[in-house]
Every structure is written in C-alpha cells, then in structure tokens.
Protein chains: 2
Amino acid sequence: MDILFKTFLDHFSTNQKLSEKTIAEICNHLSVLNLDKKHILIKENQRHDFAYFVVKGAVRSYYLKDGVEVNTWFALENDMVGSLHNFKDNPSRETIELIENSTLISINLKQVKPLMFSNIQIANFINAIIEDYALFLEDKFYFTQMMSSIDKYLILLDKEPQLFQRIPLTYIASFLGISRETLSRLRAK
Amino acid sequence: MDILFKTFLDHFSTNQKLSEKTIAEICNHLSVLNLDKKHILIKENQRHDFAYFVVKGAVRSYYLKDGVEVNTWFALENDMVGSLHNFKDNPSRETIELIENSTLISINLKQVKPLMFSNIQIANFINAIIEDYALFLEDKFYFTQMMSSIDKYLILLDKEPQLFQRIPLTYIASFLGISRETLSRLRAK
DNA sequence: GAAATCATTTGACAAATGTCACAAAATCAT
DNA sequence: ATGATTTTGTGACATTTGTCAAATGATTTC
C-alpha cells in the first residue's frame, strides 16, 4: 500500500478500525497523482467519477455567475475535494482547480460506492466523510449568512490563517461575498 | 407498525429495500408525537438524543445572535428536523421550535446510531439521510452566498411558495439575511 | 367583540458596500 | 534582469441596505 493512502484512511476511520480486507478493498480504487497548478480536476456541469484527498497543495472550487468566477472554497492539506453531486451521479455544480502544484489521492467513486452495500466498514467510512462534509457546510453557512463582512474576515483570518498566505485575496473576497476593494479596505485596519 | 412510520422509512430508502428485520429494528426506536405550536423540540447549546421527521406541520430553527433570533431554516411536511451536532454527541447550535401544531416522528439517535455498525442497511439508511442533508446545505449555501437579496426572494418564492403561506415574513427576512423592512420593500414590486 | 398583541408597510436618513478608474506593488515568463 | 501580466490598494461617487419611528393591518385572547 502506498504510504500516502494511510493518512487518508486514518483521517476518516476514527470511529472504527478497518480490517485488512477492507483496507485492501478501498486501496484498489485509490491512486496518487502529482499535478500542476491550474490543472482542472472537475468541470462545472460535467459528471465525474473521482473525488480527491489533498496530500500536499492547494485547490479552489468556483462556479460561474453571469460570467464571473465565484469562489466557494479552498482546500489545503488533508482536506477532501469533490462534488457530492458527482457522488450522487449528477453533474458537478462547481469547477475545481489547482492553485499550487499538488499531490492528491484520487478515489474512484464509481468503484467504491457500490461497496457501501456489501461492506459495512466501507459504508461507515463513507458516512464519516459525508458527515464531516455536512458539518463543514453547516459551519460555512453560519459563517456566511450570519456575520458582518468584517467579522467574516477576522474569523477566517483566525481560523484559516494559511489561506491568506497561499490564496490570492481576490479569490478570498469572492468567497466572502464582498468585492475585492471592500476586502482591501477592511484589511487597511 | 404505525402507518406513519412507513412514509418516513420509504422517504430515505430509495437506494435499497429494507428487510423486515431492519424495519423492525428501526421502528423500535420511533414514536409518533402530536405537539402544539411554540413547543420547543431542541434547545440551543443542549445535548439532545432525538431527531424528528415532520409528518404534518411547520417547524423553524434559529439561534441567538446578540440577543436577536436568526432563523436558519423552516421544515414542512416530509422534512427531517434535527441537529447533526446532536447526532455527533455535541450540543446543538440551534433552537428548534414548532410554528404550527404538528405531528412528528421522533427518532432516538442514541439507540439507532450504534446499529450503523452492526446492520449495513441501517448504515446506508442513515447515510441517505445525511447525504440528503448535505445536498440541502449545499443548496442553501449557494443560495445564501451567491445571490442578491431580490434574487434570493424570487427563488425562494419560486421553489418554496408554501413558506410564504405559512411562515411569518419576519422569520423569512431573517433567514434571507435582510431586515424585514427591506423584504417588505422588495415585495412591493 | 373589544382589547391587546403581533406582523407588515412606509418614510427619512445614515452607514456600508459596490462600481469604475487608475496607480502601485508583486509575480511570472522569457 | 526586464518587460508583461496579475494582484492589490485608493479615491470618488452611486446604490443598496440598515436603523429608527410611526402607522396600518391582522390575529389572538379573554
């Protein structure tokens, strides 16, 4: 087994110990990828069979609104990247693009998903990923909906300081739902 | 089995057929409740062992921000109500309150959750609920983050017209993240 | 059914944010 | 290194939205 797979498996199996057999079953459908900045992992409106786990690097997801890119999130080390719509066999709503040269683990959803119905450990493993994603979305919603711009900025700066080192402010402003000029002015304090 | 349980079970088992044994195992932990308007199902910052399925009625969830209620969503017939934080054994972030006299099915999470690790159908049943919730949250996020106030109003009116019949505009404005005066003005067109 | 409470609408004004234009700074590619 | 491109910052002004106050309309309660 590739040593990088272990990080991924451990990250989402905190509730249960996976058997050797389960580990082998999952690893059959994983690969390690090294890809360059600007590579597009998933395209808006397309079906796609893979999800990804970021071993090293930075990724953003965005979609187009009236021709303008609207960023929806950034993934760094140990984050999952993918589209739940893809998981449910629907076209992705977002485009997912590398911001840095990155090392990723790809997960073949088409092959792994059916195993949920035959291997209970895999069912719970996938469950943990989706639960995690749902909690993340809840946070993102509260954060987005319920804060003033300045609070959003300060909280993001506090919780995800690495983003400000590695992600252009234009993208961050777009994620925060404010213009880059407004973000620039908030920072001038 | 109570006939109302069937609606609930069918709603989240579209991917698989549940065995008689599984159905019995789940139903052991369900009850039907009839509760009055203003009844509080779940309190902010408290741990709580139940989730609910709305058979008939209307429910809202909200939390307090600087002493002001901020509404986060409304559930009507066939919606699930609960807190993923409770499912993960953490205190709820929201208060959940009935807006109408309602009929609910309660699900005892403390009893059902462990079954995920022994019954694969239950694992996938719960998975379907959480997937569904995550897709709902994704929608809510796009909707909230990426639209102008007027678009949000128009889309909500289009997608959930029943809300405007049954939920006070004050609550809807708060959910949309705008003041009730602004909502009132948007509607005046 | 009258009184009390709650929900909605409207006006006037202030504050926050967006937009457009351009300049400065940083980064990239050759 | 240097020129080109991308990213960030700042000013002036328009637009949107929030806030406060008051009036009207609807619903609940006794």
Side-chain angles (χ1 to χ4, degrees), chain A residues 35-40 57-60 62 64-71 74 97-102 143-157 161-189, chain B residues 35-40 57-60 62 64-71 74 97-102 143-157 161-189:
Chain A
L35 296 168
D36 285 343
K37 192 174 183 162
K38 300 209 174 163
H39 180 91
I40 289 183
V59 181
R60 70 172 175 131
Y62 66 90
L64 290 179
K65 156 114 183 152
D66 306 327
V68 179
E69 291 178 5
V70 179
N71 290 269
F74 314 102
E97 179 193 287
L98 303 192
I99 300 184
E100 300 173 357
N101 300 343
S102 304
F143 173 78
T144 303
Q145 166 92 324
M146 312 305 177
M147 305 260 175
S148 65
S149 300
I150 182 93
D151 287 348
K152 283 196 266 188
Y153 170 69
L154 289 172
I155 290 183
L156 196 64
L157 192 60
Q162 334 85 297
L163 292 183
F164 292 87
Q165 314 301 318
R166 296 166 66 180
I167 314 283
L169 289 173
T170 316
Y171 295 167
I172 294 179
S174 151
F175 164 71
L176 290 174
I178 60 183
S179 67
R180 71 209 144 79
E181 292 93 337
T182 300
L183 179 57
S184 178
R185 282 174 188 122
L186 292 178
R187 282 163 63 80
K189 300 183 196 174
Chain B
L35 296 168
D36 286 343
K37 193 174 183 165
K38 300 209 172 161
H39 180 91
I40 290 183
V59 181
R60 70 173 176 131
Y62 66 90
L64 290 179
K65 157 111 181 152
D66 306 328
V68 178
E69 289 177 6
V70 179
N71 290 269
F74 314 102
E97 179 193 284
L98 303 192
I99 300 184
E100 300 173 358
N101 300 342
S102 305
F143 173 79
T144 304
Q145 166 92 326
M146 310 306 177
M147 305 261 174
S148 64
S149 300
I150 181 92
D151 287 347
K152 282 196 266 187
Y153 169 68
L154 290 173
I155 289 183
L156 196 63
L157 193 59
Q162 334 85 296
L163 291 183
F164 292 87
Q165 314 301 319
R166 296 165 68 179
I167 314 283
L169 289 173
T170 316
Y171 295 167
I172 294 179
S174 150
F175 164 71
L176 290 174
I178 60 183
S179 67
R180 69 210 143 82
E181 291 92 337
T182 300
L183 179 56
S184 178
R185 283 175 187 122
L186 293 178
R187 282 163 63 81
K189 301 183 195 174

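Below, chains carry the letters A, B, ... as their sequence lines are ordered, and counting in each starts from 1. Since this is a predicted model, take the numbers as computed values, not measurements. These numbers come from the heavy atoms of this one structure, side chains and all, not from hydrogens, waters or symmetry mates.
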Engineer: Can you give the first and last nucleotides of DNA chain C, 5' to 3', that have an atom under 4.0 Å from a heavy atom of chain A?
Structural biologist: C:dT17 to C:dC28
Engineer: Hey, could you give me each pair passing salt bridge (charged side-chain N to carboxylate O under 4.0 Å, His left out) that has a residue in residues 164-182 of chain B? Not counting sequence neighbours.
Structural biologist: B:Glu77-B:Arg166, B:Glu100-B:Arg166
Engineer: Is there side-chain contact between A:Leu163 and A:Leu156, with heavy atoms separated by less than 4.5 Å?
Structural biologist: yes
Engineer: Report the end-to-end axis angle of the helix from C:dG1-D:dC30 to C:dT30-D:dA1; each axis comes from five terminal pairs, and the value is rounded to 10°.
Structural biologist: 60°
Engineer: So, does B:Thr182 get its side chain near the phosphate of D:dG18, meaning an N or O under 4.0 Å from OP1 or OP2?
Structural biologist: yes
Engineer: Distance check needed: D:dG9 P versus A:Arg185 CZ, whole Å only.
Structural biologist: 11 Å
Engineer: What parts of residues 168-180 of chain A reach DNA chain C, counting only heavy atoms under 4.0 Å away?
Structural biologist: A:Gly177, A:Ile178, A:Ser179
Engineer: Does the ring centre of B:Phe74 sit less than 6.0 Å away from the ring centre of B:Tyr62?
Structural biologist: no
Engineer: Please report, to 0.1 Å, the donor-acceptor pairs under 3.5 Å made by any side chain of residues 169-179 of chain B, with sequence neighbours excluded.
Structural biologist:
unit_1	atom_1	unit_2	atom_2	d
B:Ser174	OG	B:Asn71	N	2.8
B:Ser174	OG	B:Asn71	ND2	3.2
B:Ser179	OG	B:Thr182	N	3.2
B:Ser179	OG	B:Thr182	OG1	3.0

Engineer: Who pairs with A:Lys65 by salt bridge (charged side-chain N to carboxylate O under 4.0 Å, His left out), at least two apart in sequence or on another chain?
Structural biologist: B:Asp151
Engineer: Any base atoms under 4.0 Å from B:Ser149, or only sugar-phosphate, or nothing? Heavy atoms, all strands.
Structural biologist: sugar-phosphate
Engineer: Report the distance from atom CD of A:Gln165 to atom P of D:dT7, rounded to the nearest whole Å.
Structural biologist: 17 Å
Engineer: Atom CD of B:Glu181 and atom C1' of D:dC20: how far apart are they, to the nearest Å?
Structural biologist: 8 Å
